[in-house]
Novice: 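Take a look at this one; I'll ask things after.
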Protein chains: 2
Amino acid sequence: MARKQGSHSGITGPKVRAAALRLFARDGYAAVSMRAIAAEVGVQAGALYLYTPDKQTLLFELMKGHLEELLAAWAAEPKPEGAAARLEAFARFHIRFHLARPEAVFLAYMELRNLAPANFAAIEALRRAYEDELAAILRDGVAEGVFSVPDLRLATMAIIAMLTGVNTWYREGGRLDRAAVEAIYCDMARRMVAC
Amino acid sequence: MARKQGSHSGITGPKVRAAALRLFARDGYAAVSMRAIAAEVGVQAGALYLYTPDKQTLLFELMKGHLEELLAAWAAEPKPEGAAARLEAFARFHIRFHLARPEAVFLAYMELRNLAPANFAAIEALRRAYEDELAAILRDGVAEGVFSVPDLRLATMAIIAMLTGVNTWYREGGRLDRAAVEAIYCDMARRMVAC
DNA sequence: GTCTATAATTAGATAGAC
DNA sequence: GTCTATCTAATTATAGAC
């Protein structure tokens with residue numbers, strides 16, 4: 001019987017996370033067995049527990065990693081002068097970042113209910129921090145007199161929902177490329193809050 | 001041993017669907033066992049199979065029923081003259097209908113991947129029919145010269161994503177009541193497509 | 001670091017009593 | 001119409017060999 005043994009080490013950990021992300025996104029956390037993840041990686045189920053204490057932690061680490069990467073990437077973006085330009089930068093960044101990792105985005109939205117309470121709280125805090133970035137841009141725009149926003153929090157939620165919605169229908173090789181989609185959504189976001 | 005027997009008939013069927021809806025929405029289709037549904041109804045697992053051939057059909061019927069109800073309710077709405085007024089009617093209807101049944105809405109968005117292929121196709125057709133209702137309003141508005149829409153399909157998806165997003169954050173007894181939320185989102189939708 | 005084997009539990013669905 | 005009992009298969013996680 002073929003028995004793979006020896007040192008593949010150093011890469012199995014990332015492979016486990018990649019396989020879990022792919023399968024969780026495709027079939028849902030509850031529907032994916034540890035055996036299925038192991039098969040995707042090419043090891044036996046027992047070996048997974050060298051890389052994660054349990055299935056729940058695997059899910060949490062994936063979601064946490066995604067949101068931390070999102071916040072870090074936005075922090076690293078150049079921030080132009082003026083709220084209008086910063087809103088455009090945010091909209092374009094959001095679409096670009098989210099279209100580049102559809103599986104992680106899907107997971108972060110769909111599997112919140114499968115998080116243990118403490119893990120859920122941590123994820124919600126990260127999400128809220130990201131929303132606050134957009135809220136700050138809108139607040140600045142109102143202060144500058146370039147935006148008209150009836151309700152700051154609702155406008156924030158509306159724009160994020162609108163932008164994230166791209167992931168539900170965008171397909172590579174479709175009618176519009178990413179740049180065109182970015183431009184059109186940018187325009188719609190600007191209109192929503194323009195004076 | 002207490003053994004409930006006799007004719008509770010005529011109400012168990014609806015109770016099964018209601019229990020399945022509640023549990024599927026809360027825990028996810030894959031995480032809910034037939035035993036859990038039975039316990040919620042107050043019967044044993046075997047009894048469920050008098051009301052559904054299997055778990056998959058139970059999910060499909062819930063989603064199909066929700067979307068058919070959505071289409072029928074919109075068809076029954078009064079349609080004012082003019083695309084601008086019809087857009088307002090659509091936005092208000094969408095928020096009102098969706099906030100009234102958060103569990104069914106959640107299910108219809110989250111459990112698409114757990115549908116068998118044929119069932120998925122049927123659900124997608126119903127969803128597309130609903131999207132087409134909004135697309136027709138936007139097209140009429142462009143023809144009337146009251147809307148400016150860079151891309152009809154993207155504007156349709158953007159408005160629906162924005163409106164449906166209300167369900168993710170709205171809580172009864174929160175800062176704004178439903179009427180206020182309707183009004184603000186209506187305003188944002190109008191701005192998005194206004195000339 | 002990975003395997004095999006296994007414990008303890010639970011799943012969807014069916015059969016037959018009442 | 002519902003219950004009890006059961007079949008078959010799959011689940012998470014652990015123990016110990018190598």
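Reminder, nothing fancy here: chain letters follow the sequence lines and each chain counts from 1.
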Novice: What integer distance in Å separates B/Tyr49:OH from C/dG16:P?
Specialist: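 It works out to 18 Å between those atoms.
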Novice: When you measure from the side-chain N and O atoms of B/Tyr51 to the phosphate of D/dT2, is any distance below 4.0 Å, counting only OP1 and OP2?
Specialist: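 Looking at the OP1 and OP2 atoms of D/dT2, one of them is under 4.0 Å from a side-chain N or O of B/Tyr51.
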Novice: Out of the candidates A/Ile123, A/Leu115, A/Asn119, A/Leu59, only one should pair with A/Lys64 under the side chain to side chain contact (heavy atoms under 4.5 Å, CB included) rule; please name it.
Specialist: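 When A/Ile123, A/Leu115, A/Asn119, A/Leu59 are each tested with A/Lys64, the side chain to side chain contact (heavy atoms under 4.5 Å, CB included) holds only for A/Ile123.
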Novice: I'd like to know if the side chain of A/Asn167 reaches the main chain of A/Val105, judged simply by a donor and an acceptor atom lying under 3.5 Å from each other, with no hydrogens or angles considered.
Specialist: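 No; zero donor-acceptor contacts below 3.5 Å.
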Novice: Can you name the atoms? Protein N/O to nucleotides 7-11 of chain C N/O, anything below 3.5 Å, with the distance.
Specialist:
residue : atom : partner : partner atom : Å
C/dA11  : OP1  : B/Ser33 : OG           : 3.1

Novice: Has A/Arg17 got a side-chain atom pairing as donor or acceptor with A/Leu58's backbone, closer than 3.5 angstrom?
Specialist: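 No, A/Arg17 side chain to A/Leu58 backbone: no donor-acceptor pair under 3.5 Å.
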Novice: Only counting residues at least two apart or in another chain, list the ones meeting side-chain hydrogen bond (donor to acceptor under 3.5 Å, both in side chains) with B/Ser33.
Specialist: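 Per chain and number, B/Ser33 pairs via side-chain hydrogen bond (donor to acceptor under 3.5 Å, both in side chains) with no residue.
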Novice: Round to the nearest Å and state the distance from B/Leu59 atom CG to C/dG12 atom P.
Specialist: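 Going from B/Leu59 (CG) to C/dG12 (P), I get 13 Å.
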Novice: Are OP1 or OP2 of D/dT2 and a side-chain N or O of B/Gln44 less than 4.0 angstrom apart?
Specialist: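 B/Gln44 to D/dT2 OP1/OP2: no side-chain N or O under 4.0 Å.
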Novice: Can you tell me the distance, in whole Å, between the CG atom of B/Leu50 and the C1' atom of C/dA15?
Specialist: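 That distance rounds to 13 Å.
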Novice: If a pair satisfies ring pair (Phe, Tyr, Trp, His ring centres under 6.0 Å) and one of its residues is in residues 107-144 of chain B, list it, with sequence neighbours excluded.
Specialist: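 Residue pairs with at least one partner in residues 107-144 of chain B: B/Phe90-B/Tyr130, B/His94-B/Tyr130.
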Novice: Regarding B/Arg22 and the six-membered ring of B/Phe24, is the cationic atom NZ or CZ under 6.0 Å from the ring centre and inside 45° of its axis?
Specialist: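 Output no; distance or angle outside limits.
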Novice: In whole angstroms, how far is the P atom of D/dT11 from the CD atom of A/Gln56?
Specialist: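 Going from A/Gln56 (CD) to D/dT11 (P), I get 18 Å.
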Novice: Of the options C/dC3, D/dG1, C/dT14, whose atoms approach the side-chain atoms of A/Ala47 most closely?
Specialist: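 Given the options C/dC3, D/dG1, C/dT14, the side chain of A/Ala47 is closest to C/dC3.
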Novice: Check whether any side-chain N or O of A/Thr12 sits under 4.0 Å from OP1 or OP2 of C/dT2, and answer yes or no.
Specialist: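 Yes, A/Thr12 has a side-chain N/O under 4.0 Å of OP1/OP2 on C/dT2.
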